[in-house]
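Let me begin by presenting the structure, written as structure tokens, before commenting on it.
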There are 2 protein chains.
Amino acid sequence: MLSKKTKYAINAMLFLAKRKEHGPVLISSIAEEQNIPQKFLEAILLDLKNAGYLNSKKGRGGGYYLIKDPEEVNLAEIMRLFDGPIALLPCVTYRYYERCEECKDEETCGIRDVFLQVRNETVEKLKASNLAQIIDRESELGEN
Amino acid sequence: MLSKKTKYAINAMLFLAKRKEHGPVLISSIAEEQNIPQKFLEAILLDLKNAGYLNSKKGRGGGYYLIKDPEEVNLAEIMRLFDGPIALLPCVTYRYYERCEECKDEETCGIRDVFLQVRNETVEKLKASNLAQIIDRESELGEN
DNA sequence: ACTTACTCTATCGGATTAGTAGAGTATTCT
DNA sequence: AGAATACTCTACTAATCCGATAGAGTAAGT
């Protein structure tokens, strides 16, 4: 299951993507409109800033704003940032590879390839899901 | 990521499936051969017994043994037993459905259908992966 | 200067994970 | 019957993670 942190991050990013042309948005506005505890959100936004997705402006008229193209930010990235690897086994991740300690022999492991397939399918789908596409999808659904 | 409990359970089940015709297997043998802490394994085997996969025999010559057909036990079931739902959002599980509390409107949620697709693909793959198939796959890999 | 608003450090309760200890109960062999 | 075997149950623990909060600090704008 996704952590709340990741869900909050996705919602905050979508919110900021929709307001991209309106300049910085207050943390307190994001918190209020997306139902996120403000202090918790502050930490999340900071992580997103440090990861290069957002920038912030201090003082009056300040706030956070998206600096990446909404098409270039996908769910896989956001999830990895907060929840770590998407794979279900450490031995089928690319970036964070680790042996399964209890595994006798990775070469003949009967479950490894299933989990590798699952991982690949999942990552593919999540990568295709970028902020722009999600926003389109939302308004599409809203019209019915 | 899968918990150790789930991984241990899978390994123990595979081990018992291979020894299906040999009668009961001691907890201590399973623990030793699969590198699982014995006391921890005891709890796992008990859960698997209560879930109807295994049965046990007490006293001398006792132990645990598989009572289901290896083709009828798949990874999705074992994972659900120990780690709960496979879906990444509570609103896309069938058995354990729950609203996402921070979700404003499920009908127009832009990420719901991606996660539904991911869940369905994953469950499908994991269901196809049963004990018999995994054992076949292992010996197949061992021959190269 | 003063206000606004982001940033950093520390802390916290509760839940979960992985594992341990030990007494208890049922079964079988002699 | 009694001993030995082997599963079963209850309780406990250490470590880690999750979600959240508090408060002081710092930077920017007016």
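Each chain gets a letter, A, B and so on, in the order its sequence line appears, and its residues count up from 1.
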Grab the CG-P distance between A:Asn11 and D:dG19 for me, whole Å please.
14 Å
Quick one: B:Leu41 CG to D:dT8 P, roughly how many Å, whole number?
12 Å
Please round to the nearest 0.5 Å and tell me the distance separating atom CD of A:Glu121 and atom CG of A:Leu116.
10.5 Å
Taking a hydrophobic cluster as the set of Ile, Leu, Val, Met, Phe, Trp and Tyr residues connected by side-chain heavy atoms closer than 4.5 Å, whether directly or through intermediates, do B:Ile134 and B:Ile86 fall within one such cluster?
yes
Using a strict threshold of under 4.0 Å (side-chain N to carboxylate O), is an ion pair present between B:Lys127 and B:Glu124?
no
Only distances under 3.5 Å count here; give the side-chain donor-acceptor pairs of residues 14-36 of chain B to other protein atoms, sequence neighbours excluded, each with its distance to 0.1 Å.
residue	atom	partner	partner atom	Å
B:Lys18	NZ	B:Glu138	OE1	3.3
B:Arg19	NH1	B:Phe15	O	3.3

Heavy-atom pair with the smallest gap, counting every atom of B:Thr93 and B:Tyr96
OG1-C, 3.1 Å
With sequence neighbours excluded, residues passing side chain to side chain contact (heavy atoms under 4.5 Å, CB included) with B:Pro90:
A:Met1, A:Lys7, B:Glu98, B:Cys100
If you look at every heavy atom in B:Ala87 and B:Arg119, which pair is closest and at what distance?
CB-CG, 3.5 Å
Please list, by residue number, the residues of residues 43-55 of chain B whose heavy atoms come closer than 4.0 Å to an atom of DNA chain D; answer none if no residue qualifies.
B:Leu46, B:Lys49
Return the CG to CD distance between B:Leu141 and A:Glu106, rounded to the nearest 0.5 Å.
11.5 Å
Answer whether the closest heavy-atom distance between the side chains of A:Ile10 and A:Leu2 falls below 4.5 Å.
yes
All N/O donor-acceptor pairs, side-chain side in residues 67-85 of chain A, below 3.5 Å, sequence neighbours left out:
residue	atom	partner	partner atom	Å
A:Asn74	OD1	A:Ala76	N	3.0
A:Asn74	OD1	A:Glu77	N	3.0
A:Asn74	ND2	A:Glu77	OE2	3.2
A:Glu77	OE1	A:Tyr53	OH	2.5
A:Asp83	OD1	A:Ser3	OG	2.6
A:Asp83	OD1	A:Thr6	OG1	3.1
A:Asp83	OD2	A:Ser3	N	3.1
A:Asp83	OD2	A:Thr6	OG1	3.0

Considering only nitrogen or oxygen atoms on both sides, find all protein atoms under 3.5 Å from nucleotides 11-15 of chain D and state each distance.
none

Has B:Arg95 got more than 12 heavy atoms of other residues, nucleotides or ligands less than 6.0 Å from its CZ?
no
Using whole Å, what does the distance between atom P of nucleotide D:dT8 and atom CD1 of B:Ile27 come to?
7 Å
Nearest whole Å is fine: how far is D:dG19 C1' from A:Asn35 CG?
15 Å
Does a side-chain N or O from B:Ser56 land closer than 4.0 Å to OP1 or OP2 of D:dT8, or not?
yes
Where along nucleotides 17-30 of chain C does protein come under 4.0 Å, by heavy atom, of base (B) or sugar-phosphate alone (S), with - for untouched nucleotides?
-SBBBB---SBSS-
